[in-house]
Amino acid sequence: MAHTNHNLQDDIQKVLIDERTLQARLQALARQIEADYAGKEDVLLLCVLKGAFIFLADLSRALQIPHQLEFMAISSYGSGTTSSGAVQIMLDLKQDIAGRHVLVVEDIIDSGRTLQYMRRILTARSPATIKIVTLLNKPSRREVDVPVDYIGFDIPDEFVVGYGLDYAQLYRNLPYIAVLKPEVFAGSG
Ligand code: IMP
Ligand code: MG
């Protein structure tokens, strides 16, 4: 069903965070980050692909401080809705991050395993500072303790899509955060 040609809206059970609420929170996060990074040189926003790409695009445009952008692709999920636990680098950085102020931009923190892994490999590369901003956080799902510096929204333990987040690589283009109808998952793991 997910791949047949139909209106994506029909697959939505409910909108959890609407577009206006998302954008308002994003501006507030940007003001907080600007204040914390004021006067720092060499700020690097490091986007964790693919899920964080829309959040990165909006956050970067909201920030009134100079910063560079980099991308890494990490995978801990298959096409299902639960983490496999195994984290893998699909695309690594091309630039040296030694001495730079690295702000990792994530879409969502679930078990915390992806972020714990990122933190470990990035810390080994000697950045000046490393902080993490995530749009969404599922505190009830945490399996490992990992510090998170900026959180957009704490959400309940529900699988969500939209604003960059996918189910089976679809729904990333929705401008809000939503929960899918159960029948969308039918027939898949
Ligand atoms: P963690 O390693 O368990 O913290 O998983 C983090 C990654 O799992 C995120 O970067 C997402 O790609 C994916 N993920 C976790 N929860 C959801 C969800 O509700 N919707 C879509 N992707 C999710
Ligand atoms: Mg994903």
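Indexing begins at 1, ligand by ligand and atom by atom, following the structure's order.
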Participant: Around E41, counting heavy atoms of other residues, nucleotides and ligands shown, do more than 12 lie under 6.0 Å from its CD?
Facilitator: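 12 or below, so no.
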Participant: Where does the angle between the aromatic ring planes of Y37 and Y150 fall among parallel (under 30°), tilted (30 to 60°) and perpendicular (over 60°)?
Facilitator: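 Aromatic pair Y37/Y150 classed tilted.
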Participant: Less than 4.0 Å is my threshold; does some heavy atom of R141 fall inside it relative to ligand 1?
Facilitator: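 Heavy atoms of R141 never come under 4.0 Å of ligand 1.
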Participant: Just to be sure I read this right, does ligand 1 sit under 4.0 Å from the backbone of E143, its side chain, both, or neither, counting only heavy atoms?
Facilitator: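 Looking at E143 and ligand 1, no heavy atom falls under 4.0 Å.
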Participant: Among L136, L180, T114, whose heavy atom sits nearest atom 6 (C) of ligand 1?
Facilitator: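 The option holding the nearest heavy atom is T114.
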Participant: Salt bridge between D11 and K181, side-chain N to carboxylate O under 4.0 Å?
Facilitator: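 No, this pair does not count.
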Participant: Using a 4.0 Å cut-off to any heavy atom of D107, which atoms of ligand 1 qualify?
Facilitator: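 Listed by number with element, the hits are 9 (C), 10 (O), 11 (C), 12 (O).
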Participant: Any N/O of I109 closer than 3.5 Å to an N/O of ligand 1?
Facilitator: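 No: no nitrogen or oxygen of I109 is under 3.5 Å from one in ligand 1.
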Participant: Enumerate the atoms of ligand 1 whose separation from the nearest heavy atom of K138 is less than 4.0 angstrom.
Facilitator: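 Ligand 1 atoms under the 4.0 Å threshold to K138: 16 (N), 17 (C), 18 (C), 19 (O).
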Participant: Is the contact between I74 and ligand 1 made by the side chain, the backbone, both, or neither, using heavy atoms and a 4.0 Å cut-off?
Facilitator: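 Neither part.
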Participant: Which ligand 1 atoms are under 4.0 Å away from a heavy-atom of E106?
Facilitator: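 Counting atoms of ligand 1 from 1, those under 4.0 Å from E106 are 10 (O).
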Participant: Should D110 be counted as touching ligand 1, given the test is an N or O pair under 3.5 Å?
Facilitator: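 In this structure, D110 places an N or O atom under 3.5 Å from an N or O of ligand 1.
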Participant: Side chains of Q27 and R31 only: does a donor on one sit below 3.5 Å from an acceptor on the other?
Facilitator: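 Their side chains do contain a donor-acceptor pair, which is all the 3.5 Å distance test asks for.
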Participant: Could you tell me whether D157 and R142 have a side-chain N and a carboxylate O separated by less than 4.0 Å?
Facilitator: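 Not counted as a salt bridge, because no side-chain N and carboxylate O are separated by less than 4.0 Å.
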Participant: Numbering the atoms of ligand 1 from 1, which are under 4.0 Å from a heavy atom of L165?
Facilitator: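 This gives 20 (N), 21 (C), 22 (N) as the contact atoms.
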Participant: Does a side-chain N-to-carboxylate-O contact under 4.0 Å join K14 and E158?
Facilitator: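 A salt bridge is present here (some side-chain N lies under 4.0 Å from a carboxylate O).
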Participant: Just say parallel, tilted or perpendicular for the rings of Y163 and F55, cut-offs at 30° and 60°.
Facilitator: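 Aromatic pair Y163/F55 classed tilted.
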Participant: Please list, in number order, the atoms of ligand 1 under 4.0 Å from a heavy atom of E158.
Facilitator: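 Listed by number with element, the hits are 19 (O).
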Participant: Does the ring center of F71 lie less than 6.0 Å from the ring center of F53?
Facilitator: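 Centroid separation for F71 and F53: 6.0 Å or greater.
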Participant: Considering only NZ, NE, NH1 and NH2 on the basic side and carboxylate oxygens on the acidic side, decide whether R100 and D42 come within less than 4.0 Å.
Facilitator: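 Yes.
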Participant: Which atoms of ligand 1 sit under 4.0 Å from any heavy atom of D166?
Facilitator: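 In order of numbering, the contacting atoms are 21 (C).
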Participant: Does the N or O separation between L115 and ligand 1 drop below 3.5 Å for any pair?
Facilitator: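 Min N/O separation from ligand 1 is not below 3.5 Å for L115.
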Participant: Say whether G51 and ligand 1 are in contact under the criterion: heavy-atom distance to a ligand atom below 4.0 Å.
Facilitator: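 Per 4.0 Å heavy-atom rule, G51 does not contact ligand 1.
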